[in-house]
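For reference, the structure discussed in these notes is given below.
Chain naming here is simple, since letters A, B, ... match the order of the sequence lines and numbering starts at 1 in each.
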Amino acid sequence: MRRREFLSVLGAAALLGSKADAAPRTYRLAAMNPAFPMPEGSPFGDIIIKAMAKYGYVVGQNLIYDSLCPMGDVAKIAPMLAELKSRGADAIIIIGYPTAVAAKAIGIPIVAAVGLGDPVATGLIQSQAHPGGNLTGISDVAAMLSTKRLSLLKELSPKLRKVAMLWNKDDLGMTQRYATSAKSAEAMGFSVQALGVAEPDDFEEAFAAMKAEHPDAILMVTDSLTNLNRKRVFEFAAARKLPAIYEYDFLARDGGLMSYGPDIGESFDRAAALVDRIFKGANPGDLPFEEPTRYPLVVNLKTARAMGLEIPPNLLALADEVLE
Amino acid sequence: MCGMTISLHRDMPEGRTFAGAGAKPRAPSGSIRGRLFTKYVALFVVVVGIALLCNGVFEAILYYRQHKAALIRIQHHQAVAAAARIGHFVKEIEGQLGWTVQLPWSAGSIEQRRFDALRLLRQIPAITELAQVDSSGKERLRVSRLAEDVLDSGLDLSNDPKFTEAMAHKVYFGPVYFRRESEPYMTLAVAGSRKDAGVSIAEVNLKLIWDVISQIKVGQHGQAYVVDAQGRLIAHPDISLVLRNIDMSKLPQVQAALAGNADGDENFEGAKNIQGRQVLTAAAPVSPLPWIMFVELPVEEAYASLYTALGRLAAVLLAALVFAMLAGMFLARRMVGPIQVLRAGAERIGGGDFSQRIAIGTGDELEGLANQFNDMGARLQESYADLENKVELRTRELSQSLQDLHAAQDRLIQTEKLASLGQLTAGIAHEIKNPLNFVNNFSAVSSELVEELTDAVKAAHVDGKMREEIDELTAMLKGNLEKIVQHGRRADSIVKNMLLHSREGSGEHRAADINAIVEESLNLAYHGARAERPGFNVTLERAYDPAAGTVDLYPQEITRVLLNLISNGFYASGKRKARVGDGFESTLRASTKNLGDQVEIRIRDNGTGIPKDVREKMFNPFFTTKPAGEGTGLGLSMSHDIVVKQHGGRIDVETEPDAFTEFIITLPRTLPAQTDTGGRP
C-alpha cells in the first residue's frame with residue numbers, strides 16, 4: 001500500500017509540470033472596431049478567430065469571442081468598451097487610436113492590432129519596449145510610410161503634382177499622420193490638398209473640393225470614418241480616374257486601386273500572439289509593442305482597368321499581390 | 001504463513017506434569033522470540049538493503065552521469081545545429097546581396113538597379129532598407145520599405161566602416177542596434193568581387209530570425225536564443241523579450257559563453273534563464289557572426305526521464321526491500337521457529353521431562369541440534385532411571401547393612417550378655433560340679449549300698465513283717481537314690497552344657513556336606529527320641545537340595561544346633577498331638593537349599609507354634625517353655641550363638657500358633673575370619 005502511495009507520489013511529481021499547463025479555462029476575448037462590426041463571420045472577425053486558433057484558442061471550446069461596434073460614433077466607444085468589460089472580457093483587441101485612448105482607462109488588457117499610429121508620439125505609451133499600463137499591440141509606422149505611398153503614387157503616374165489627402169480631422173492619430181504625410185509630400189515637391197473630414201457628410205464636400213481643384217491622386221488616411229466611407233471614395237476615384245493609394249491591403253481588395261501598408265493578417269496574428277501571452281498571465285504593460293515586418297504592395301488590376309489606367313510593369317512586378 | 005510444521009504441542013498436551021514448569025518462562029519467551037526475530041529481520045533487511053542501496057546509488061550515479069553527459073552532448077549538438085541555421089539565415093541574405101554587387105557601376109542603368117533592389121526587398125522580407133554605394137564610397141541608391149527611394153543622395157560613406165570593412169573583407173556585419181529601442185537590426189554590407197562593383201548595404205530586421213528560431217525545437221519546453229557579442233538578446237522565440245532589448249550578459253551561462261567558452265561542451269547546469277526557470281544551457285557560436293546561440297532546456301524536462309528512471313529504480317529498490325523484509329521474516333521464522341522449539345524443548349528437559357522429544361524437520365543443523373537434544377534427553381532419562389535403580393539398590397544395601405548392624409549389635413549385646421553369663425556360668429558350673437560329683441558319686445554308691453543292704457537283709461532272717469518293712473524302706477531308699485542319681489545327672493548335664501556354653505570353638509572346622517550333616521542329625525534325634533519315648537512317632541520329610549554342597553563349619557556344633565532344633569520340633573509336634581489327639585500326625589520336615597555363597601537349612605514342624613511374646617525372648621539363655629526338668633533353657637540360646645557368632649550365619653523363625661514353626665538357618669559357605677579362632681572367653 002505504501003509502495004503504491006510512493007509510486008503515485010513519484011508519478012504526480014513527474015506529471016506536475018504538464019498538469020499545471022493543462023488547466024482548462026475558457027477565455028473571453030472581445031474586439032472592437034469603431035468603423036465596422038467584426039463579429040464572427042465578418043472578414044476581420046474571422047481573421048482574429050483564425051489567428052487565435054493558431055495559439056490554441058477555439059471558439060466554443062476555450063474561447064468566447066465577443067465584439068461590439070459603435071459604427072463610427074466615437075462617443076459610443078467608451079461605453080461599449082465598458083460594456084465589453086462588464087461582459088467579462090479578459091482582453092480586448094481594438095482597432096484605431098480613439099479606441100486605444102478610450103481603452104487606456106478601462107483597466108483590462110488591451111491589444112491594439114491596427115491603425116494605432118505611433119503610440120509613443122501620441123503619448124499612449126512611454127516606449128515601445130516597455131509600454132506600461134494596460135496597452136500593448138502593434139505600432140503603426142504609417143506616418144513614415146506616407147512618403148513610400150507617395151512615391152508609389154508617383155511611380156504610377158510620374159506626372160503627379162498634387163495629392164489630395166483624406167483624413168479624419170477629429171482623430172489625433174490620423175491628423176498626425178496626415179501632417180507627416182503632408183510634410184513629406186511637400187518635401188517631395190507635391191502640393192497637398194487637405195481634405196479633413198469629421199463626419200460622413202463631409203465626404204461630399206471633400207469630393208466637391210476635389211472636383212474643383214483637380215488633384216492628380218488621392219491618399220486616404222484610414223480610420224473608422226474614412227473606412228466606413230471607403231466605397232464612396234473608391235467610386236469617386238474610379239469616376240474621376242484618379243489614382244489612389246490606401247493604407248491597408250483590404251482596401252485594395254475591396255476595390256481601391258492599390259494599397260501599401262502593414263500586413264493586416266500579420267498584425268492580427270501578432271495581436272493574437274499578444275492576447276495569448278496576456279491570457280497566460282502576462283501583464284500587457286510588459287509586452288513590447290511590435291512593428292509590422294511585412295508591407296505588402298497590393299494592386300487591384302481590375303480597378304485599374306476599369307479606370308483605364310495603365311500600371312507600369314515595374315510596379316506590377318514589385319507588387320506582392322495583384323488582383324485581376 | 002510460512003508452512004512451519006514444527007510444534008511441541010503434538011507431543012506435549014496441556015496440563016502435563018511439566019506444563020507448570022514450562023509456563024513460567026513462557027512469558028519472556030515471546031519477547032525473546034521477538035528480539036531474535038526482529039534482529040534477524042533487521043539484519044537481513046539491513047544487509048540486503050545496504051547491498052541494494054549501494055547498487056542502486058551506484059547505478060543512479062552512473063546513470064545520472066551518463067544521462068547528463070548525453071544531455072549535454074545532445075544539447076550542444078542542438079546548439080551547433082541551431083547556430084548553423086541562424087548562420088544560414090544570415091548567409092542567405094549575404095548571398096542575395098551578393099547578386100546586387102555583381103556588376104560595375106559603369107554597366108546598367110540606375111533605374112534597373114533600383115528595380116533590382118526593390119525586387120530584393122520583396123524577396124527578402126528581413127531587409128528593410130538597402131543602399132548601394134559605388135567604389136568611391138558615394139551612396140548611389142537607397143530603397144526602403146518605409147521610405148521613399150533615394151537616388152544619388154551623394155552621401156559619402158567612404159570612411160564608414162560599413163563601406164571600408166566591406167571593401168576590406170568583402171562582407172561586413174555591423175553591430176546589432178535597436179530601432180526605436182525595440183526592433184533589433186543589423187547592418188550587413190557586401191562588397192562585390194570586382195572592385196568597381198561597390199558595396200551593398202542592407203539593414204536587416206533581425207526580428208525575422210524569429211521565423212527560424214521559433215522553429216528550433218528543443219525538447220518540449222526548451223528554447224533557443226541568440227545574443228550578440230555584447231550579450232544583448234537578438235533572437236528568442238518570445239519576441240517580446242527581444243523587443244525589450246534585454247541585456248542577457250547578467251546570466252552566468254551567457255557570461256561564460258561571452259568569455260569565450262561558447263564552443264565548449266560546458267553545460268550551465270541549473271542556471272536560471274531570463275524567465276527565471278532553471279534550465280540546462282548549451283552554447284555554440286554563430287558563424288560567421290560574433291553571436292552566440294544558446295539552447296536551453298528546463299531542468300525538469302531534461303531530467304524528467306532521469307527522474308522517471310530514478311523513480312523506477314527507487315520503486316524497484318523499495319520492492320526489493322519489501323521482498324527482503326518478507327524473505328527476512330520468512331527466513332527468521334524458519335530460523336527462530338526451530339530455535340524456539342529447541343528452547344522450549346530444552347527448557348522442558350531442563351525441567352525434568354526427559355521423555356520430551358523435540359520434533360524439527362528442517363533437515364539442517366538445527367534438526368541435528370534437536371536430535372542431539374533428544375539424544376541427550378534419552379541419555380538423561382536412562383541415567384536417571386539407572387540412578388534410581390542404583391539408589392534403590394544402595395538403599396536396599398544400606399537397609400541391609402543397617403539390619404546387619406542391628407543384628408550385629410544385638411548379637412554383640414547378646415554376646416556380651418552371654419559372655420558375662422558364660423563366665424558366671426562357668427564359674428558356677430565349676431563350683432557346682434565338684435559337690436555335684438560328690439552327690440552323684442555318693443548317691444550311686446549309696447544305691448549300691450542299698451542293694452548290698454537288701455542282699456544282706458535277705459540273708460538275715462527277719463520275720464516277714466519286718467522284712468516287708470525293710471524291703472519297702474530299701475525300695476524307697478533305692479528309689480530316692482535313683483532320683484538323686486537321675487537329677488544329679490541332669491544337674492551334671494546342665495553344668496556340662498553350661499561349661500560347653502562358655503567354651504566355644506570346640507572341635508575343628510572343616511568343609512562338610514550339609515545334606516549329610518542334616519541327615520545325620522535327623523537320624524540321631526529321631527532315634528534318641530524313640531529311645532527316650534518308645535511310643536514316639538513322627539513323619540519325617542526330607543527335601544535336600546542336591547546342589548547344597550559343602551559348607552565350611554564346625555560339624556559338631558552345627559549338629560548340636562540341628563539336634564536341638566529337631567528335638568524341639570519333635571517336642572512341639574508331640575505336644576500338639578497330645579492336645580489334638582489321634583487324628584493328628586506329627587510331621588517334621590528338613591530341607592536344604594543352595595543360595596549360592598550361602599546355604600539355607602529349614603527345620604519345620606507342624607507343632608503348636610510359638611506365641612509372639614515367646615518369640616521375642618526365645619533366644620535368651622535359660623528361657624524355656626518346657627516344664628521344669630525337661631529343658632535347660634540353653635538350647636536355642638546356644639544354637640543362636642553357634643549359628644550367628646560362630647558361623648556368621650543367621651537364624652530366623654517363622655511360626656504360626658497351632659500350625660507350624662519353621663527355623664531357618666542360613667550359613668555362609670565360608671566361615672567369617674574373626675570367628676574362626678573361636679577363642680572367646
Side-chain angles (χ1 to χ4, degrees), chain A residues 2-4 6-7 9-11 13-18 21 118 120 127-131 136 139 141-152 154-155 184-185 187-188 260 262-263 266 270 273-274 277 282 286-297 313-315 317-320, chain B residues 111-112 114-123 125-126 128 143-150 178-183 205-208 210-211 214 220-221 238-246 277 298-301 303-308 310-319 321-322:
Chain A
R2 229 178 253 169
R3 183 171 35 173
R4 206 183 308 161
F6 174 75
L7 286 177
V9 165
L10 274 182
L15 286 171
L16 215 61
S18 57
D21 293 345
D118 185 340
V120 180
S127 80
Q128 291 212 149
H130 298 281
T136 187
S139 75
V141 284
M144 203 168 93
L145 279 174
S146 299
T147 50
K148 183 74 185 173
R149 293 193 185 106
L150 289 170
S151 71
L152 284 168
K154 194 179 182 194
E155 197 100 27
S184 43
M188 287 166 77
Y260 187 79
D263 185 341
E266 185 199 51
R270 294 308 307 151
L274 290 169
R277 295 289 300 271
D286 292 339
L287 296 172
F289 261 81
E290 295 183 24
E291 288 183 9
T293 51
R294 277 192 290 276
Y295 296 90
L297 170 64
N314 273 5
L315 194 64
L318 292 172
D320 296 274
Chain B
E111 197 53 38
Q112 185 57 43
R114 190 180 75 91
F115 181 69
D116 287 345
L118 285 169
R119 257 209 339 219
L120 186 70
L121 248 56
R122 200 188 140 216
Q123 277 163 12
T128 300
V143 295
S144 163
R145 285 180 197 283
L146 304 172
E148 187 192 4
D149 305 337
V150 179
F178 290 80
R179 284 194 175 181
R180 302 161 80 92
E181 293 169 12
S182 171
E183 305 262 324
N205 186 352
L206 297 179
K207 216 165 75 175
L208 273 293
W210 184 83
D211 289 337
S214 65
Q220 289 245 307
H221 300 97
D238 179 1
I239 196 84
S240 300
L241 291 175
V242 178
L243 297 177
R244 254 182 249 162
N245 185 7
I246 286 174
R277 291 178 85 175
V299 168
E300 317 86 81
E301 187 189 325
Y303 290 145
S305 63
L306 179 72
Y307 293 151
T308 313
L310 289 180
R312 254 197 319 266
L313 199 69
V316 167
L317 200 69
L318 197 77
L321 270 181
V322 168

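One finds the CD atom of E148(B) at 11.5 Å from the OG atom of S146(A) (value rounded to the nearest 0.5 Å). To the nearest 0.5 Å, the span separating CG on L287(A) from CD1 on I239(B) amounts to 12.0 Å.
No other option in A273(A), A319(A), A129(A), S127(A) has as many heavy-atom pairs under 4.5 Å with chain B as A129(A). In terms of non-hydrogen atom pairs under 4.5 Å with chain A, the most contact-rich of Q220(B), E181(B), R180(B), K207(B) is R180(B). By number of non-hydrogen pairs under 4.5 angstrom with chain A, the leading residue of N245(B), D238(B), N205(B) is D238(B). Most heavy-atom pairs under 4.5 Å with chain A, from the set S144(B), A147(B), P125(B): that is A147(B). Looking only at heavy-atom pairs under 4.5 Å with chain B, the residue among P296(A), S151(A), P288(A) that has the most is P288(A).
Applying the side-chain hydrogen bond (donor to acceptor under 3.5 Å, both in side chains) test to R270(A) and every residue at least two apart in sequence or in another chain returns E290(A). In this structure S305(B) satisfies the side-chain hydrogen bond (donor to acceptor under 3.5 Å, both in side chains) test together with H67(B), sequence neighbours excluded.
Residue I246(B): no heavy atom, backbone or side chain, is found under 4.5 Å from chain A. Heavy atoms of A282(A) lying under 4.5 Å from chain B are absent altogether. With a 4.5 Å cut-off on non-hydrogen atoms, Y260(A) touches chain B through its side chain but not through its backbone.
Nearest heavy-atom pair across L146(B) and T147(A) is O-OG1, 3.9 Å. Residues A317(A) and F115(B) approach most closely at CB-CZ, 3.5 Å, considering heavy atoms.
Between the side chain of E291(A) and the main chain of E183(B), no donor-acceptor pair closer than 3.5 Å is present. Side-chain atoms of R145(B) do not come within 3.5 Å of backbone N or O of K148(A) as any donor-acceptor pair.
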